[in-house]
Undergrad: 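Sending over a structure as structure tokens; questions will come in a sec.
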Amino acid sequence: MTRHRILFVCLGNICRSPMAEGAFRRLVAERGMSDCFEIDSAGLGNWHEGQAPDSRAQQAAMRRGIDISTQSARQLRPDDFSRFDLILAMDASNHGDLRQLSPKNVHGKIRHFLDFAPQTGTREVPDPFFGEAEGFEHALDLIDAAAEGLLEALVPNSAVAKSGTQSFSG
Ligand code: 4NP
């Protein structure tokens, strides 16, 4: 079985990438595919090392039934570039930093997360840290769309397969 190793990256690892990790983890679990994935998140900075996600991120995620309270922030490490198959940047600045920090031969693994949700018309999950609660909701809307697109890109038709199973058995 191919195990997909996915790393979500933002600046602080307390707002966007923890929400992305939680949303994608939940989606994969809903489709019964948790064993096929290794999912993690990291920050480019180390300011929040060891901290739980921002309480506003926790609340926004919890409103959608996603519990991210047990996550703990960590800074990106050099070995992440070899350990993960796909390294997903939350915005263009993160993407540029990741390319600068990484060896050239892994640049193909570094992608804009929102490229998996072209219908959103943006590549940026705006940083909600210095804003209001609405910013976290907007970030999660974008993240949810990209999580669906990412899973569809990696495992085509998983939604159809799952709903087919449900209707057949139920
Ligand atoms: P994140 O948000 O990158 O989505 O986790 C931020 C969190 C903290 C800071 C910046 C962005 N900070 O400057 O401390």
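Read the numbers this way: they start at 1 and go in the same order the structure lists the ligands and their atoms. Just so you know, these numbers come straight off a predicted model, no measurement behind them.
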Undergrad: May I ask you to decide whether Arg74 forms a salt bridge with Asp40, counting only side-chain N to carboxylate O separations under 4.0 Å?
TA: yes

Undergrad: With a 4.0 Å cut-off, would you call Arg25 and Glu30 a salt bridge?
TA: no

Undergrad: Of Arg83, Arg5, His4, which meets side chain to side chain donor-acceptor pair (under 3.5 Å) against Glu38?
TA: Arg83

Undergrad: What protein heavy atom lies closest to atom 13 (O) of ligand 1? Include the residue and the distance to one decimal.
TA: Phe130 CZ, 4.1 Å

Undergrad: Let me check something: do Leu151 and Ile66 share a hydrophobic cluster, defined by ILVMFWY side-chain heavy atoms less than 4.5 Å apart, either directly or through other members?
TA: yes

Undergrad: Would the number of heavy atoms belonging to other residues, nucleotides or ligands and lying under 6.0 Å from CD of Gln119 be above 12?
TA: yes

Undergrad: With respect to Cys15, determine whether any N or O atom, backbone or side chain, lies less than 3.5 Å from an N or O atom of ligand 1.
TA: yes

Undergrad: Do the side-chain N and O atoms of Asp97 and Asn94 include a donor-acceptor pair separated by under 3.5 angstrom?
TA: no

Undergrad: Which ligand 1 atoms, with their elements, are less than 4.0 angstrom from a heavy-atom of Gly12?
TA: 1 (P), 3 (O), 5 (O)

Undergrad: Atoms of ligand 1 less than 4.0 Å from His48 heavy atoms?
TA: 8 (C), 12 (N), 14 (O)

Undergrad: For atom 9 (C) of ligand 1, grab the closest protein heavy atom and report residue, atom and distance to one decimal in Å.
TA: Phe129 CD2, 3.6 Å

Undergrad: Heavy atom under 4.0 Å from ligand 1: found in Asp127's side chain, backbone, both, or neither?
TA: side chain

Undergrad: Just to confirm my output: which protein heavy-atom neighbour is closest to atom 4 (O) of ligand 1, and how far is it?
TA: Arg16 NE, 2.7 Å

Undergrad: Thinking salt bridges, do Asp85 and Arg3 make one under a 4.0 Å N-O criterion?
TA: no

Undergrad: Between ligand 1 and Asn13, is the shortest N or O to N or O distance under 3.5 Å?
TA: yes

Undergrad: Would you kindly specify which portion of Asp54 sits under 4.0 Å from ligand 1, judged on non-hydrogen atoms: side chain, backbone, both or neither?
TA: neither

Undergrad: Parallel, tilted or perpendicular: which one describes the rings of His112 and His95, with boundaries at 30° and 60°?
TA: parallel

Undergrad: Give the atoms of ligand 1, by number and element, whose distance to some non-hydrogen atom of Leu11 is under 4.0 Å.
TA: 3 (O), 10 (C)

Undergrad: Can you tell me which residue and heavy atom of the protein come closest to atom 1 (P) of ligand 1, and the distance to 0.1 Å?
TA: Cys10 SG, 3.5 Å

